[in-house]
Amino acid sequence: MAFELPQLPYAYDALTPHIDTKTMEIHHGKHHGGYTTKLNMAIEGSEMASNSIENILKKMDMNNSALRNNGGGYFNHCLFWEIMSPDGGGNPLGTLAEAIDSTFGSFDSFKETFSNAAATRFGSGWAWLCAHEGGKLEVCSSANQDNPLMPGIGCGGSPILGIDVWEHAYYLNYQNRRPDYISAFFNLVNWERVGELFDQSK
Ligand code: MN3
């Protein structure tokens with residue numbers, strides 16, 4: 001069974017002005033499309049081919065760079081599209097809001113921690129909000145297309161929110177102003193979906 005590039009749950013121009021149309025077209029069609037094709041090439045004929053993407057990441061041989069980069073790239077972007085929405089922004093709700101307050105002190109303090117992790121990730125990578133079993137939350141970042149589900153990344157739990165800080169995610173609109181892109185991202189976060197992922201992770 002081959003993995004498929006998921007359709008975006010909104011139009012390419014739906015996230016403007018925070019993320020521009022051209023960036024979305026290239027990011028989804030070319031970058032995520034490329035990871036999908038190369039992931040399928042990397043698993044073809046192997047026992048990995050019958051696994052879920054989550055299991056592929058959890059069982060990752062970190063020396064297998066084709067599988068690591070493209071399996072991570074496939075999963076990370078699937079999550080990324082899903083946790084944004086043209087109707088996003090605002091504040092987290094329900095049990096997730098309570099967990100954010102109890103872990104970070106306040107939503108503003110969480111935003112600062114998460115934004116700092118995203119801004120200080122050197123080179124290409126991602127910043128994450130992860131939920132551990134029992135509901136404890138953690139912010140971390142990872143390089144390239146690595147993911148907290150992979151072994152030995154230095155943070156764990158299930159990623160429920162992630163921001164792509166590769167230059168391909170923001171350079172056309174923001175050039176070197178990564179902090180502006182990170183701040184705009186919070187206008188797009190689909191907290192309802194992130195809350196569902198949090199509840200499923202417990
Ligand atoms: Mn990307």
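In listed order, ligands and their atoms are each counted from 1. Start at 1 with the first residue, then count along the sequence.
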Donor on one side chain, acceptor on other, Trp128 and Glu138, under 3.5 Å: no
Atom nearest to the Mn ion (ligand 1) - Asp164, N, O or S atoms considered: OD2
Backbone or side-chain N/O/S of His77 under 2.8 Å of the Mn ion (ligand 1): yes
Any link between Leu57 and Met62 through a network of hydrophobic side chains (Ile, Leu, Val, Met, Phe, Trp, Tyr) touching at under 4.5 Å? yes
Hey, are Asp164 and His27 close enough side-chain-wise for a donor-acceptor pair under 3.5 Å? yes
Locate the shortest heavy-atom distance separating Ala99 from Phe198; write the atom from each residue and the value. CB-CZ, 3.6 Å
Check whether any N, O or S atom of His32 sits under 2.8 Å from the Mn ion (ligand 1). no
Name of the His168 N, O or S atom nearest the Mn ion (ligand 1)? NE2
